[in-house]
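Take a look at the structure set out below.
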Amino acid sequence: MPEGAASSSFTMEDQERVRFQNDPLQTVVWQLRFPPNWSIDDPSFAARFQASIGEEYPRAEPRGTQISLPLVEGASVGAPEPAPWQFRDQTGHWVAAVRRDFLSLETTKYTRFEDFKNRLERLLDVMERELPLRFVSRVGLRYIDRIRHPSLTSAADSSRFLNPALLGLIAGDQIAPYVLDAMQQLRLSIDQGQLQIRHGYLGLEWDPQGPSYLIDIDASHEEDMPWDRQSCLGMTEDFKRHCWNFFRQSLTDDLVTHLDPKPLDD
């Protein structure tokens, strides 16, 4: 596929990696879930964990609680869940978090996967030293993009910037002028897991900064398995590839030009 082109249909083929000067990427989150380990609730664990990652994440966040709300009216409210221990880097753009049943790394300043992976490996070094993992139940990597453009002022403009195969019904000239907002969701089977995509046009009611288009891609493996560091990292890299391939094929030439792609290593 020529650089900057967007096919009218989607494939599972790898797309050329680039970095966008006007990057619409808002947040990247990696998460590892495992059977509950109550020792993580102990402040002494948090103190050791903080001491181990403090040079890279010196800003500890106050810990609160999370309340489990019932999904069915009339059901009792669950017991409060302890919030994760959270540690931020000096800029505030990177957050490492650990709770009795998960470890996560989140950033709002993502540049390239290799840098993200390096941070992740250092975090796993600490986790494996402080809390040996035996089994895990989920490995996930999520990319959230919010696309804006001066000419994206209504749903009818979406087909200029997003692949019509992605837009579905709102790509139609007859109905698009009446759309206030639209959100779609689909799941795809991929090697070692699944790709869950939420995407759609968000009007002013959802986004006071102006109309935008959300593409939220969450790749995950959600089956119990023995902990294996290299397998987990390989899975994460595979997830990154699938997320990028889908996102890249979602964009039209006009939007790619606006995002200003550069070679990855520039």
Side-chain angles (χ1 to χ4, degrees), residues 4 6 15 17-31 59 61 64 66 69 83 86 88-97 104-113 115-116 140-186 195-219 240 243-262:
Q15 307 296 304
R17 290 177 65 195
V18 297
R19 62 181 182 85
F20 294 121
Q21 292 287 86
N22 301 319
D23 198 349
L25 184 60
Q26 289 191 323
T27 308
V28 178
V29 184
W30 176 90
Q31 186 190 67
R59 296 167 52 186
E61 298 288 320
Q66 295 178 329
L69 297 177
Q86 293 189 10
R88 293 182 181 270
D89 77 338
Q90 194 61 47
T91 70
H93 293 302
W94 291 83
V95 182
S104 68
L105 179 64
E106 178 176 342
T107 183
T108 56
K109 206 71 174 178
Y110 183 96
T111 53
R112 49 183 286 165
F113 178 76
D115 299 331
F116 187 90
L141 182 64
R142 183 179 182 186
Y143 289 81
I144 303 174
D145 286 86
R146 183 67 70 85
I147 294 166
R148 303 180 189 278
H149 190 283
S151 297
L152 180 60
T153 60
S154 70
D157 302 317
S158 299
S159 58
R160 177 181 164 189
F161 305 109
L162 283 307
N163 192 330
L166 178 77
L167 295 175
L169 187 63
I170 71 168
D173 294 338
Q174 298 301 314
I175 198 170
Y178 301 96
V179 174
L180 297 177
D181 49 68
M183 189 61 64
Q184 302 179 57
Q185 179 170 313
L186 66 151
L195 207 63
Q196 180 166 291
I197 300 120
R198 292 178 62 251
H199 68 95
Y201 170 80
L202 301 176
L204 289 173
E205 289 185 19
W206 289 91
D207 194 340
Q209 296 182 51
S212 62
Y213 201 94
L214 174 74
I215 302 181
D216 180 347
I217 308 175
D218 188 358
K240 176 271 301 181
C243 290
W244 167 253
N245 291 341
F246 187 92
F247 177 74
R248 179 62 187 81
Q249 292 180 84
S250 301
L251 316 180
T252 64
D253 291 347
D254 278 357
L255 183 56
V256 169
T257 299
H258 172 71
L259 297 180
D260 192 11
K262 302 295 182 184

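In this structure a side-chain-to-backbone donor-acceptor pair under 3.5 Å is present from D145 to L25. At distances below 3.5 Å, not a single donor-acceptor pair connects side-chain atoms of Q21 with backbone N or O atoms of K262. Looking only at distances, a side-chain donor or acceptor of N245 sits under 3.5 Å from a matching main-chain atom of Q15. At least one donor-acceptor pair closer than 3.5 Å links the side chain of N22 to the backbone N or O of H258.
The structure places CG of L152 at 10.0 Å from OH of Y213, a figure rounded to the nearest 0.5 Å. From I215, atom CD1 reaches atom OG of S250 across 4.0 Å, with rounding to the nearest 0.5 Å. Rounded to the nearest 0.5 angstrom, H149 NE2 and L259 CG are separated by 8.5 Å. In this structure, the separation between OG1 on T27 and OH on Y110 is 13.0 Å, given to the nearest 0.5 Å. To the nearest 0.5 Å, atom CG of residue L255 and atom CD1 of residue I147 are 5.5 Å apart.
When the ring pair (Phe, Tyr, Trp, His ring centres under 6.0 Å) test is applied to F113, no partner is found at least two apart in sequence or on another chain.
A salt bridge between R59 and D89 is absent, with no side-chain N of the basic residue lying under 4.0 Å from a carboxylate O of the acidic one.
Counting only heavy atoms from C-beta outward, the side chains of T107 and L105 never approach each other to under 4.5 Å. You'll find the side chain of R142 stays beyond 4.5 Å of the side chain of E106, heavy atoms only. Taking the side chain as every heavy atom from C-beta outward, Y143 and W244 never approach each other to under 4.5 Å. Here the side chains of L251 and N163 are not in contact, with every heavy-atom distance at 4.5 Å or above. Side chains of V256 and F161 form no contact here, defined as non-hydrogen atoms less than 4.5 Å apart. In this structure, L166 and H199 have side chains that are in contact, with non-hydrogen atoms separated by less than 4.5 Å. Using a 4.5 Å cut-off on side-chain heavy atoms (C-beta onward), V95 and T108 make no contact. Counting heavy atoms from C-beta outward, I175 and I170 have side chains that stay 4.5 Å or more apart.
For the pair T153 and Y201, the tightest heavy-atom approach, listed with the atom from each and the gap, is O-OH, 3.7 Å. For A97 against Q86, the heavy-atom pair with the smallest separation is CB-CG, 3.9 Å. Pairing each heavy atom of P177 with each of A156, the nearest pair is N-CB, 4.3 Å. Scanning all heavy atoms of the two residues, the minimum distance from L195 to A219 falls at CD1-CB, 3.5 Å.
Evaluation of the salt bridge (Lys or Arg N to Asp or Glu O under 4.0 Å) test over residues 158-172, restricted to residues two or more places apart or in two chains, returns R160-D254.
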Worked check of side chain to side chain contact (heavy atoms under 4.5 Å, CB included) between R88 and E61: CA-CA 8 Å; R88 293 182 181 270; E61 298 288 320; 3.0 Å; yes

Starting from the C-alpha separation in whole Å, work towards a yes-or-no answer on side chain to side chain contact (heavy atoms under 4.5 Å, CB included) for M183 and L214. CA-CA 9 Å; M183 189 61 64; L214 174 74; 3.9 Å; yes

Taking only distance into account, with no hydrogens and no angle test, what donor-acceptor pairs under 3.5 Å do side-chain atoms of residues 202-212 form with protein atoms, sequence neighbours excluded?
from: W206; atom 1: NE1; to: D181; atom 2: OD2; distance (Å): 3.0
from: D207; atom 1: OD1; to: Q209; atom 2: N; distance (Å): 3.1
from: D207; atom 1: OD2; to: R146; atom 2: NH1; distance (Å): 2.6
from: D207; atom 1: OD2; to: R148; atom 2: NH1; distance (Å): 2.9
from: D207; atom 1: OD2; to: R148; atom 2: NH2; distance (Å): 2.9
from: D207; atom 1: OD2; to: S212; atom 2: OG; distance (Å): 3.0
from: S212; atom 1: OG; to: R146; atom 2: NH1; distance (Å): 3.4

